[in-house]
Amino acid sequence: MINKIASSIAEALAGVKDGSTVLIGGFGTSGIPGELIAGLIEQGAKDLTVVNNNAGNADHGLAALLKTGRVRKIICSFPRQVDSYVFDELYRSGKLELELVPQGNLAERMRAAGAGIGAFFCPTAAGTELAKGKETREIDGRQYVLEYPIHGDVALIKAEAGDRWGNLMYRKAARNFGPVMATAAKHTVATVYDIKELGELDPEAVVTPGIYVSKIVRIPRVATQAGGFKKAA
């Protein structure tokens, strides 16, 4: 019987090894799998390469993982925000390597990994510092840059609901990079708020089929404060 439900986050992350490339979903704080990041910190894997849209906020979530010193390199689009002081300190002190990737390229490089595409030409970054050292080609009078897929050993993503086969549905913008990361990784772990019985999920609402998911873990719903908004006095 196929049952991808893990009894705990520790169980779901037990196989993460030192030196792994970890794809972590989320767009800023939207869809960030905070419980899985906390579990990865507890699990202890080191010398990691982390792929995320940004490089953490304040000193929680992804920033907390960076703060442990166990991340060797980060691949992202927006490393600096108003509260990215953990990344700033590590990068400026030479303790963290950065690969800066335009946001569309980041998504497409992971999508290419999941689709089995060996490389692709893209016009983004042509003629800029980000294209230095990369193969370029003129196609129909326009310059293109050769980009390679980003493969993950592990993907950590946040979904809304799933079933024991690992089928996932998401909530609105919290979907962001989750689907492409799930296809690009050898091992995908997803948190869900609800675990549905088989057949209870509307097939039209399933965004990530269970074939791309290794483990799901149910987490409780916790009220959160939207980014940029202050509580009423």
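Small disclaimer: the values here were computed from a predicted structure and weren't measured.
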Any idea which heavy atoms bring Ala63 and Asp59 closest together, and the distance? CB-CA, 4.0 Å
If you group Ile, Leu, Val, Met, Phe, Trp and Tyr by side-chain heavy-atom gaps below 4.5 Å, do Leu130 and Leu98 land in one group? no
Does Leu198 have more than 12 heavy atoms from other residues, nucleotides or ligands lying within 6.0 Å of its CG? yes
When you look at CD of Glu138, are more than 12 heavy atoms from neighbouring residues, nucleotides or ligands closer to it than 6.0 Å? yes
Evaluate side-chain contact (heavy atoms from CB on, under 4.5 Å) for Ser30 paired with Asn176, printing each intermediate quantity in order. CA-CA 8 Å; Ser30 176; Asn176 52 69; 4.1 Å; yes
Counting neighbours of NZ on Lys186 that are heavy atoms of other residues, nucleotides or ligands and sit closer than 6.0 Å, is the number greater than 12? no
All heavy atoms of Val22 vs all of Leu40, minimum pair found to be CG1-CD2, 4.4 Å
May I ask you to decide if Ala182's main-chain N or O and Thr188's side chain share a donor-acceptor pair within less than 3.5 Å? yes
Does the side-chain contact (heavy atoms from CB on, under 4.5 Å) test come out yes or no for Glu11 and Lys215, once each step is laid out? CA-CA 9 Å; Glu11 177 192 326; Lys215 294 289 183 181; 4.1 Å; yes
Are Thr68 and Leu66 packed together at the side-chain level, in the sense that at least one heavy-atom pair is separated by less than 4.5 angstrom? no
Let's go through Lys196 and Asn167 carefully: what are the C-alpha distance in whole Å and the side-chain angles of both, what is the deciding distance for side-chain contact (heavy atoms from CB on, under 4.5 Å) to 0.1 Å, and is it a yes or a no? CA-CA 10 Å; Lys196 304 291 187 179; Asn167 296 310; over 6 Å; no
Closest non-hydrogen contact found for Gly61 with Ile37 is O-CG2, 3.3 Å
Side chains of Gln143 and Arg137 in contact at under 4.5 Å (non-hydrogen atoms): no
So which heavy atom on Pro149 is nearest to which on Ile117, and how close? CG-O, 2.9 Å
I'd like to check Glu160 versus Arg175 (side-chain heavy atoms, cut-off strictly below 4.5 Å). Are they in contact? no
Would you say Glu42 has more than 12 foreign heavy atoms packed within less than 6.0 Å of its CD? no
Nearest 0.5 Å, what's the CD1-CG distance between Ile24 and Leu36? 9.0 Å
Connected to Tyr144, directly or through other members, by ILVMFWY side-chain contacts below 4.5 Å are Phe121, Ile139, Leu146, Tyr148
May I ask you to decide whether Glu89 forms a salt bridge with Lys67, counting only side-chain N to carboxylate O separations under 4.0 Å? no
Any pair counted as ring pair (Phe, Tyr, Trp, His ring centres under 6.0 Å), so long as it reaches residues 40-92, sequence neighbours left out: Phe87-Tyr91
Heavy-atom side-chain proximity of Lys73 to Val50 below 4.5 angstrom: no
Salt-bridge criterion met for Lys4 and Asp163 (N-O under 4.0 Å): no
Validation row: Gln43, Ile9 side chains within 4.5 angstrom (heavy atoms): no
Taking the side chain as every heavy atom from C-beta outward, state whether Thr29 and Asn57 have any atom pair closer than 4.5 Å. yes
Under 4.0 Å between a Lys/Arg side-chain N and an Asp/Glu carboxylate O for Lys158 and Glu35? no
Give a yes or no on whether a salt bridge exists between Asp153 and Lys17, defined as a side-chain N under 4.0 angstrom from a carboxylate O. no
If I compare all heavy atoms of Thr124 with all of Pro102, which pair ends up nearest, and what's the gap? CG2-CB, 3.6 Å
Would you check if Val206 and Met169 make a side-chain contact, meaning some heavy-atom pair closer than 4.5 Å? no
Is the NZ atom of Lys95 crowded by more than 12 outside heavy atoms at less than 6.0 Å? no
So do Leu100 and Pro79 actually touch side chain to side chain, heavy atoms under 4.5 Å? yes
Co-membership, hydrophobic cluster, residues Leu62 and Leu96, 4.5 Å side-chain: yes
Please test Asp88 against Arg80 for salt bridge (Lys or Arg N to Asp or Glu O under 4.0 Å), starting from the C-alpha separation and ending with a verdict. CA-CA 7 Å; Asp88 287 355; Arg80 299 200 66 218; 3.2 Å; yes
Any chance you could measure Ser7, atom OG, to Arg218, atom CZ, to the nearest 0.5 Å? 14.0 Å
So, for Gly26 and Asn52, which heavy atoms are closest and what is the spacing to 0.1 Å? O-ND2, 4.0 Å
Do Asn53 and Ser77 pass the side-chain contact (heavy atoms from CB on, under 4.5 Å) test, and can you show the C-alpha distance, the side-chain angles, and the key distance before you say yes or no? CA-CA 5 Å; Asn53 184 67; Ser77 297; 4.0 Å; yes
Would a distance-only check, ignoring hydrogens and angles, find a side-chain to backbone donor-acceptor pair under 3.5 Å from Glu200 to Glu197? yes
Hydrogens and angles aside, do Arg72 and Thr49 bring a side-chain donor and acceptor to less than 3.5 Å of each other? yes
How is the hydrophobic cluster of Met110 composed, in terms of its other members, when Ile, Leu, Val, Met, Phe, Trp and Tyr link through side-chain heavy atoms under 4.5 Å apart, directly or indirectly? Ile5, Leu23, Phe27, Val51, Ile75, Val101, Leu106, Ile150, Ile157, Leu168, Tyr170, Phe177, Val180, Met181, Val192, Ile195, Val207, Val213, Ile216
Please determine if Glu99 and Arg109 form a salt bridge, counting it only when a charged side-chain N lies under 4.0 Å from a carboxylate O. yes
Dump the intermediate steps for salt bridge (Lys or Arg N to Asp or Glu O under 4.0 Å) on Arg70 and Asp18, then the final yes or no. CA-CA 9 Å; Arg70 300 207 301 265; Asp18 293 351; over 6 Å; no
